[in-house]
Amino acid sequence: QVTLRESGPALVKPTQTLTLTCTFSGFSLTTRGMSVSWIRQPPGKALEWLALIDWDDDKYYTTSLKTRLTISKDTSKNQVVLTMTNMDPVDTATYYCARRTGYQSGYYYYYYMDVWGKGTTVTVSS
Amino acid sequence: DIQMTQSPSSLSASVGDRVTITCRASQTIDRHINWYQHRPGKAPKLLIYAASNLQRGVPSRFSGSGSGTYFTLTINSLQSEDFATYYCLQTFSAVQFGQGTKVEIK
């Protein structure tokens, strides 16, 4: 059974750095084709994809936050860590991690995030 | 970046209704689109992947179609547990969610 769980501080101050950890089980990030993504949802707003790390350590970030985000993995601990610098009240949100997997059909590889954590709520306030 | 335009942003429907939600991509994305259901306080749930493939365990009243730039999610015979917010997600180039469609009880 695949599970993911997010952990981190519930409250951070403006300008601080947020560090979130996704601890997963039921799959390995050393398996070809596996990835973990981070997604957030500010109150009353849509889901927003933030970052992804592949099994081969390739990393991808949303353009709008690229300068503030760093994603990394520790395969021995089955963890993926997301850091976000210079936090602002607009970064108040529920943060989710999710497994991304996929399959190949013809020329393309079709990806999807199939299992998500329950999310962790982060409030940015002084 | 590829933009996803999802519509409507909200709709009211009754149990038993058929509901259709659409997503348009700003450029062709082949069939690289997934659909999610999100209930308050819960993790988003994958319904459809690669445009039309039903995720294991998802009721067959959910279906997806489309390719290129135009995609639809259809819910046949809406049930009470289907009242939620639905999102499309493109994975062709980077990752981009649509703005969501809130399905409310009429």
Side-chain angles (χ1 to χ4, degrees), chain A residues 1-6 22 24 33 35-54 58-66 69 71 82 93-121, chain B residues 1-10 21 23 26 28-58 62 64 66-68 71 73 84-102:
Chain A
Q1 181 189 7
V2 173
T3 65
L4 302 98
R5 186 183 78 252
E6 305 87 352
C22 175
F24 58 87
S35 313
V36 170
S37 267
W38 282 95
I39 306 100
R40 71 178 179 180
Q41 185 180 37
K45 296 191 175 182
L47 295 170
E48 178 184 22
W49 174 77
L50 300 176
L52 177 146
I53 188 163
D54 276 335
D58 280 347
K59 299 161 188 173
Y60 305 88
Y61 300 98
T62 187
T63 303
S64 61
L65 295 170
K66 189 172 184 176
L69 295 174
I71 192 169
L82 181 75
T94 298
Y95 287 77
Y96 299 94
C97 62
R99 182 182 77 162
R100 189 190 79 162
T101 185
Y103 70 98
Q104 186 160 11
S105 177
Y107 177 78
Y108 287 117
Y109 205 95
Y110 292 91
Y111 293 107
Y112 48 93
M113 293 183 284
D114 62 341
V115 184
W116 295 55
K118 295 182 177 181
T120 186
T121 299
Chain B
D1 292 359
I2 297 175
Q3 300 303 314
M4 301 299 291
T5 303
Q6 187 172 342
S7 61
S9 57
S10 66
I21 299 167
C23 262
S26 58
T28 183
I29 59 170
D30 184 64
R31 296 170 57 84
H32 294 260
I33 189 168
N34 308 319
W35 291 94
Y36 293 85
Q37 177 192 67
H38 194 197
R39 295 195 191 102
K42 302 287 188 182
K45 176 184 177 182
L46 175 66
L47 302 174
I48 302 287
Y49 62 95
S52 61
N53 295 278
L54 190 68
Q55 172 68 349
R56 187 170 50 232
V58 174
F62 291 93
S67 67
F71 303 89
L73 172 71
T85 301
Y86 294 84
Y87 292 92
C88 64
L89 173 72
Q90 72 84 11
T91 59
F92 181 77
S93 175
V95 180
Q96 182 68 44
F97 284 96
Q99 290 304 301
T101 297
K102 187 173 184 179

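Below, chain A is the first sequence line, B the second, and so on; all start at residue 1.
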Under 4.5 Å from any heavy atom of chain A - which part of [X]:
X	value
B/Gln99	both
B/Leu89	side chain
B/Arg56	neither

Worksheet item: What residue, out of A/Ser105, A/Gly117, A/Ala46, A/Gly119, has the most heavy-atom pairs lying under 4.5 Å from chain B?
Response: A/Ala46
Discussion item. On a heavy-atom basis, which atom in B/Lys42 and which in A/Tyr96 lie closest, and how many Å separate them?
Written reply: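 Of all heavy-atom pairs spanning B/Lys42 and A/Tyr96, the closest is O-OH, 3.4 Å.
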Worksheet entry | Minimal non-hydrogen separation, A/Lys45 against B/Tyr87, with atom names |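 That would be O-OH, 3.8 Å.
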Worksheet entry | Side chain proximity check, B/Asn34 to A/Met113, heavy atoms < 4.5 angstrom |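 No, every pair of side-chain atoms sits at 4.5 Å or beyond.
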Worksheet item: Tell me, do A/Ile39 and B/Phe97 make a side-chain contact under 4.5 Å, heavy atoms counted?
Response: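 They are in side-chain contact.
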Practice prompt. Start with the C-alpha distance between A/Trp49 and B/Gln96, add both sets of side-chain angles, then the distance that settles side-chain contact (heavy atoms from CB on, under 4.5 Å), and finish with yes or no.
Written response: CA-CA 7 Å; A/Trp49 174 77; B/Gln96 182 68 44; over 6 Å; no
Worksheet entry | Rounded distance [0.5 Å steps], OH in A/Tyr111 versus CZ in B/Phe92 |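 Between atom OH of A/Tyr111 and atom CZ of B/Phe92 there are 12.5 Å.
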Discussion item. To the closest 0.5 Å, what do you measure between OH (A/Tyr112) and CG (B/Leu46)?
Written reply: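 Rounded to the nearest 0.5 Å, the OH-CG separation comes to 7.5 Å.
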Worksheet item: If you count heavy-atom pairs under 4.5 Å with chain A, which of B/Lys45, B/Arg31, B/Gln55 comes out on top?
Response: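 Heavy-atom pairs under 4.5 Å are most numerous for B/Arg31.
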Fill in: chain A contacts, top residue of B/Ala50, B/Gly41, B/Gly100, B/Pro40 (heavy-atom pairs, under 4.5 Å)
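With the most close heavy-atom pairs to chain A, the winner is B/Ala50.
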Worksheet item: Would you call the rings of A/Trp116 and B/Tyr36 parallel, tilted or perpendicular, where under 30° means parallel and over 60° means perpendicular?
Response: perpendicular
Worksheet item: So which part of A/Gln41 gets closer than 4.5 Å to some heavy atom of chain B, the side chain, the backbone, both or neither?
Response: side chain
Discussion item. Under 4.5 Å from any heavy atom of chain B, what part of A/Tyr103 do you find: side chain, backbone, both or neither?
Written reply: side chain
Practice prompt. Would you confirm whether A/Tyr60, through its side chain, and B/Val95, through its main-chain N or O, come within 3.5 Å as a donor-acceptor pair?
Written response: no
